[in-house]
Amino acid sequence: MPEPVQQTDVHLPSTPSDVLWGRLPSRTDAPARTVRPGTVVSVDTVSHEGILPDQGSDPAAFFARHGVDRRDVLDDAVDIARTLTRAEADGPHVVSRPIAVDGAEPGDVVSVTVLAADRRVPYGVISNRHGRGALPGELPRAEESVSVFADVVTRDGVDLGRLPAVEGGPRVVTFPLRPFPGIVGVVPDSDERPHSVPPGPYGGNLDISLLTAGSTLHLPVFVPGAGVYVGDPHFAQGDGEVALTAMEASLRLTLRLDLVPRATALRRFGELVGPLAETAEHLVPTGLDPDLDEAVRRCVRAAITLLGARWGVEEHLAYAYLSAATDFRISQVVDLVCGSHATIRKADFAEVDPTGVDA
């Protein structure tokens with residue numbers, strides 16, 4: 001399928017020289033691009049599904065078994081599988097090299113707004129591998145990993161993901177597409193490239209399904225320039241991502257990179273110690289920890305801090321509000337570090353804004 005064309009200021013492709021495989025960038029990685037705050041960039045992303053060793057390390061052959069014409073297999077995916085190497089202990093994800101935001105300094109916040117998430121291919125893959133997922137030791141039942149091919153179909157003008165027909169019957173399972181990047185992050189203050197799987201205070205593999213077009217991820221800056229990167233593209237994901245992966249498939253992302261100086265960030269968000277998402281309707285604080293219970297507790301604390309900083313809500317009232325009116329969701333339970341996120345309705349505070357900051 002032809003790649004969508006977006007009007008952007010800067011483009012970063014996904015050739016082997018533009019990406020890392022299995023690791024996130026560190027502070028020693030030179031930026032692939034440097035942009036001014038407010039710049040709109042497009043970044044091509046490549047899914048790891050179809051290029052991994054348990055799938056044959058040959059995406060053209062892997063997808064041909066599912067009826068995909070070679071013209072619909074990205075050359076970038078073929079080149080990455082052919083030319084790049086990753087250690088067995090590394091993660092699976094293909095991640096862009098970092099984009100520096102001019103003037104960003106530690107203590108500031110960089111806001112990454114997803115303006116568009118356009119499909120590069122008409123299919124995706126959902127995989128379950130041994131020792132992974134929410135049910136390790138139970139699924140998959142076979143010796144080998146299970147990779148379920150899902151194609152894209154259009155019904156009544158709406159694009160849907162479609163699973164294979166159920167054996168023994170005509171029923172077909174379809175579901176809405178909600179494309180988003182699973183990995184959005186900034187460079188941590190470390191010389192070591194982090195493993196691509198567990199998320200952290202710098203973002204990374206958050207797998208927050210709300211980060212579709214129109215949403216923003218606010219990230220604390222740890223090194224000069226911030227170093228924004230993306231990867232792990234999805235066509236769809238349910239909160240939890242229980243099987244290990246969701247509908248993984250390559251996207252072209254159009255992003256706006258904004259800089260929030262520290263003083264302004266403190267008024268808007270409080271002391272931001274980790275990622276904070278935002279949609280048109282919700283502020284979405286996060287909590288991360290290997291233990292899901294602790295991840296939820298951290299999310300609650302982050303939400304209380306946010307309500308106090310942004311709207312001056314006293315701690316006991318914030319706690320009460322969150323219990324009465326806010327959903328705490330499971331972002332994912334499969335990335336070694338579990339994630340929880342809360343959805344705080346901005347409209348609930350439309351008449352209260354002592355900081356003078358617009359909701």
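Positions are given from 1, in the same order as the sequence printed here.
- Distance alone, capped at 3.5 Å, places no donor-acceptor pair between the T154 side chain and the G157 backbone.
- The shortest distance between side-chain heavy atoms of F222 and P106 does not fall below 4.5 Å.
- Side-chain atoms of D72 do not come within 3.5 Å of backbone N or O of D69 as any donor-acceptor pair.
- Between L251 and D118 there is no side-chain heavy-atom pair separated by less than 4.5 Å.
- The main-chain N or O of A243 is found under 3.5 Å from a side-chain atom of N128 such that the two form a donor-acceptor pair.
- Heavy atoms of other residues, nucleotides or ligands lying less than 6.0 angstrom from CZ of R129 number more than 12.
- Of the N and O atoms on the side chains of D239 and S209, at least one donor lies less than 3.5 Å from an acceptor on the other residue.
- Summarising the geometry of S57 relative to A81, their closest heavy-atom pair is O-CB, 3.6 Å, with the distance given to 0.1 Å.
- Nearest heavy atom pair, residue A265 against residue V109, reads CB-CG2, 3.6 Å.
- A donor atom on one side chain and an acceptor atom on the other are not found under 3.5 Å apart for D102 and T34.
- Residue Y319 qualifies as open at atom OH: its count of foreign heavy atoms under 6.0 Å is 12 or below.
- Contact annotation: the side chain of E241 approaches that of H234 to within less than 4.5 Å [non-hydrogen atoms, C-beta and beyond].
- Contact check for L20 versus L84: no side-chain heavy atoms found under the 4.5 Å cut-off.
- Counting heavy atoms from C-beta on, the side chains of V112 and T216 never come closer than 4.5 Å.
- Judged purely by atom type and a 3.5 angstrom limit, E294 has no side-chain atom pairing as donor or acceptor with the backbone of L292.
- When every heavy atom of T326 is checked against every heavy atom of T343, the shortest pair comes out as CG2-O, 3.4 Å.
- No donor-acceptor pair under 3.5 Å is formed between the side chain of T264 and the backbone N or O of V260.
- In this model, no donor atom of one side chain and acceptor atom of the other lie less than 3.5 Å apart for H130 and E143.
- Between D9 and T39, the side chains place no donor N or O within less than 3.5 Å of an acceptor N or O (distance only, hydrogens not considered).
- Remark: R36 CZ is loosely packed, at most 12 non-hydrogen atoms of other residues, nucleotides or ligands lying under 6.0 Å away.
- Counting non-hydrogen atoms of neighbouring residues, nucleotides and ligands closer than 6.0 angstrom, the CD1 atom of I330 reaches no more than 12 such neighbours.
- Residue E192 places its CD atom among 12 or fewer non-hydrogen atoms of other residues, nucleotides or ligands, all under 6.0 Å distant.
- Residues Q55 and S147 have side chains that bring a donor and an acceptor to within less than 3.5 angstrom of each other.
- Looking at D189 and Y202, their side chains never bring a donor and an acceptor atom within 3.5 Å of each other.
- Of the N and O atoms on the side chains of R120 and S14, at least one donor lies less than 3.5 Å from an acceptor on the other residue.
- Taking both residues in full, the closest heavy atoms of P98 and V187 are given as CB-CG2, 4.1 Å, listed atom of the first, atom of the second, then distance.
- Judged as a ring-ring contact (aromatic ring centres under 6.0 Å, His included), the pairs with a partner in residues 62-111 (not counting sequence neighbours) are, in order, H48-H93, F62-H66, F63-Y123, H66-F149.
- In summary, of the residues considered (R297, R301, R298), a salt bridge (charged side-chain N to carboxylate O under 4.0 Å, His left out) with D289 occurs for R298 alone.
- By the side-chain hydrogen bond (donor to acceptor under 3.5 Å, both in side chains) test, D108 is found to be paired with no residue, residues two or more places apart in sequence or in another chain being considered.
- In terms of the salt bridge (charged side-chain N to carboxylate O under 4.0 Å, His left out) criterion, residue partners of R262 (sequence neighbours excluded) are, by chain and number, E271.
- V242 approaches V334 most closely through the heavy-atom pair O-CG1, 3.8 Å.
- Residues L12 and I99 are in side-chain contact: their nearest non-hydrogen atoms beyond the backbone lie under 4.5 Å apart.
- Cluster annotation: V173 is not connected to V153 through the hydrophobic network of ILVMFWY side chains, with a link wherever side-chain heavy atoms come within less than 4.5 Å.
- In the model, S331 has a side-chain atom that pairs as donor or acceptor with a side-chain atom of H341 under 3.5 Å.
- In terms of modelled atom types and a separation under 3.5 Å, the side chain of D335 and the main chain of V337 share no donor-acceptor contact.
- Q237 places a side-chain N or O within 3.5 Å of a backbone atom of D207 that can act as its donor or acceptor partner.
- Salt bridge annotation for D18-R97: absent, with no cationic side-chain nitrogen under 4.0 angstrom from a carboxylate oxygen.
- Here the shortest heavy-atom pairing between W21 and I80 reads CZ3-O, 3.8 Å.
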